[in-house]
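To start, the structure under review is shown below, and the notes come after it.
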Amino acid sequence: MSRPLSATEQVSTLRDQIRAHDHAYYVLDQPRISDAEYDHLFRQLQQLEAEHPDLVTPDSPTQRVGGAPLTQFPEVTHRVPMLSLANAFSENEVEGFDRRICELLGVDSVDYTAEPKLDGLAVSLSYEAGLLVQAATRGDGQSGEDVTSNVRTILSVPLRLNPAAPDLLQVRGEIVMPFAGFELLNQQQTAAGEKPFVNPRNAAAGSLRQLDPRVTATRPLAFLAYGIGDLSGALPETQFDLLQQLRLWGLPVSPLVARVTGIAACMDYYARLGQRRAGLPYAIDGVVYKVDRIAQQQKLGAVSRAPRWALAHKFPAEEAETVVNQIDVQVGRTGAVTPVARLRPVFVGGVTVTSATLHNQDEIRRKDLRVGDTVVVRRAGDVIPEVVRVVTARRPAEAVPFVMPENCPVCGAGLTQAEGEAVLRCPDGLACPAQLHRTLTHFASRKAMDIDGLGDKLIEQLVATGMVRTLADLYHLKPPQLASLDRMAEKSAENLFQALRASRQTTLPRFIFALGIRNVGEATALALARYFRTLDALMEADLDELERVADVGPVVAASLREFFQEPDNRRVIGELLAAGIRWPEMPVQPEEASPLAGKTIVLTGSFSLPRTELKARLQSAGARVSGSVSAQTDFLVVGEKPGSKLERAKTLDVVIVTEAQLVELIATPGGADQTSV
Ligand code: JCF
């Protein structure tokens with residue numbers, strides 16, 4: 001007897017089929033049906049779910065993209081820290097590693113797993129009862145960012161594991177962007193007038209840091225698991241078995257993992273993988289060796305932030321030959337003028353390189369580099385490609401030596417050189433369009449004023465049209481003016497206008513950083529803001545006072561002094577303040593006795609202050625503010641309409657306080673006063 005399947009049954013069958021095909025495709029690398037057949041199943045499920053919205057569950061394959069865009073990523077404390085790897089650059093160092101391990105374990109030879117070291121981003125995925133509940137970046141290893149909504153869009157990340165998976169599983173792995181997808185993405189970026197990404201790793205990082213998961217969903221990311229943080233139930237006996245387990249539970253693991261015995265076999269694996277490297281679908285930068293027996297791993301333990309039982313054996317930086325077509329001169333934000341070699345495009349280190357920095361005139365002279373020369377370029381990891389040497393034997397007769405110009409190639413001002421410095425500078429500051437452009441780019445950037453939508457192409461137009469001549473001009477732009485620019489529709493002009501308005505509410509550390517003072521990075525800006533608490537105090541400080549700030553030495557102090565004494569800079573600051581830029585008062589620095597010093601605090605619900613501000617105040621009282629409740633949490637602060645964190649805090653016996661109680665706590669003698677939580 002058969003009856004028609006109910007919608008519930010159909011949905012469930014379709015989901016099982018789709019998951020099985022996902023598994024075959026992403027984990028086993030053995031697709032069982034064509035793309036068209038897969039799409040058909042997927043559309044059937046989408047349609048059924050549209051007809052029966054009550055049947056939609058978060059782990060349905062159709063629900064990878066969901067949730068509203070975020071304004072920032074919440075912080076996640078890793079229950080088990082995410083370790084990094086010790087590096088080795090030579091066979092000698094690898095032998096040393098093996099010798100130490102054999103000695104510590106009192107054995108003659110050790111079994112290792114060997115695997116490709118993926119050049120991507122480490123993440124930790126938490127599964128509870130088989131469902132993906134959280135994905136976090138590595139961050140500093142102790143805490144990272146909650147990127148769950150974005151990671152859910154990555155098709156090789158299972159939303160649900162095989163029923164055999166343990167109740168609690170924290171998987172560690174790497175998110176990468178395969179070369180093919182990377183090249184395609186960059187073509188799209190260029191076509192849309194956006195800057196291409198320099199390498200797949202940066203592209204993966206940028207994609208994972210999108211606040212809108214719909215954007216991440218369009219990016220070709222992939223995930224491969226290499227270990228665990230935590231799991232309920234028994235650990236397998238070996239690393240190799242653990243990886244097989246992960247695969248059986250439904251997680252993608254590199255097919256290139258091997259178990260090898262002894263150091264000679266490690267070297268052999270390294271040599272063989274090195275030969276296959278160029279043919280792999282994604283970037284790798286070495287081999288990871290791990291002691292295979294988990295019991296031995298536990299005996300060896302970890303030193304500082306890396307396990308003693310694992311090692312990354314790096315490949316040497318890749319080199320390739322190409323030709324210098326031209327040497328351009330670039331003007332940086334602070335006026336530094338740098339020669340750049342324009343190269344015949346060459347594929348090296350996983351990306352196509354078209355230019356290399358030449359640093360300065362002395363460097364070019366030392367290398368005797370001429371336009372038309374064949375050169376060896378090297379690209380290691382994330383660093384800017386450089387010219388290693390000239391192949392003089394292949395120098396064409398017409399190769400011309402390069403001479404630095406005497407004038408700024410952009411504004412024509414005579415270049416200057418400070419005593420003892422190799423760099424030439426354009427002295428014209430913001431009157432030089434190149435410096436203005438770079439200054440605006442920095443000012444608008446995420447860690448500075450964070451002006452959403454003010455990209456490179458727009459800045460170029462704003463400078464070229466003369467609509468913006470100083471930083472403050474940005475704040476006087478009106479929507480109709482913005483709409484007159486290329487690629488700007490009325491709607492995007494209005495959005496940019498609103499983003500500019502919104503950016504006026506900032507913080508003092510951001511504002512100091514945004515000014516783009518030479519040698520003043522994000523951390524220094526924060527230290528200065530904390531110490532001086534007001535912009536006026538900072539602007540008037542003398543060298544001695546400046547050097548009293550932690551991390552500020554004579555060089556930074558001199559840069560600050562020079563910047564704030566320059567009448568043009570003082571005028572621009574005045575104009576910016578007049579345009580409405582403001583920030584909350586900096587809190588008084590807590591004394592040692594602050595009751596919050598060193599405490600881990602989690603917030604839930606809404607408060608009388610914006611959450612970012614409350615967080616900043618707690619941090620300056622010496623507290624750590626974490627995004628999730630764990631056994632390490634000291635207080636949970638509950639506001640209006642608390643979320644699920646409250647329940648979790650109760651089960652973990654975490655101390656729960658209200659906002660009012662928090663204020664009292666801080667106002668105790670020895671603590672900071674009330675207004676400066
Ligand atoms: O592929 C990697 N980048 C990678 C990183 C592989 C591993 O097995 C790792 C790692 C970082 C830490 N294992 C640890 C413990």
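Values in this document were obtained by computation on a predicted structure and should not be read as measured data. Counting starts at 1 for both ligands and their atoms, in listed order. Reckoned from all heavy atoms, side chains included, excluding hydrogens, waters and symmetry mates.
Counting heavy atoms of neighbouring residues, nucleotides and ligands inside a 6.0 Å radius, atom CG of Asn519 exceeds 12 of them.
In this structure Phe513 satisfies the ring pair (Phe, Tyr, Trp, His ring centres under 6.0 Å) test together with His442, sequence neighbours excluded. Applying the salt bridge (Lys or Arg N to Asp or Glu O under 4.0 Å) rule to Glu115 yields the partners Lys290; only residues at least two apart in sequence or on another chain are considered.
A donor-acceptor pair shorter than 3.5 Å can be found between the side chains of Thr57 and Arg15.
Near ligand 1, residues Leu83, Leu85, Glu115, Pro116, Lys117, Leu118, Glu174, Tyr226, Val288, Lys290 come within 4.0 angstrom through at least one heavy atom.
Screening residues 237-272 for ring pair (Phe, Tyr, Trp, His ring centres under 6.0 Å) gives Tyr270-His313, Tyr270-Phe315 as the qualifying pairs, with residues at least two apart or on separate chains.
Here Asp22 does not pair with Arg19 in a salt bridge; the nearest charged N to carboxylate O distance is not below 4.0 Å.
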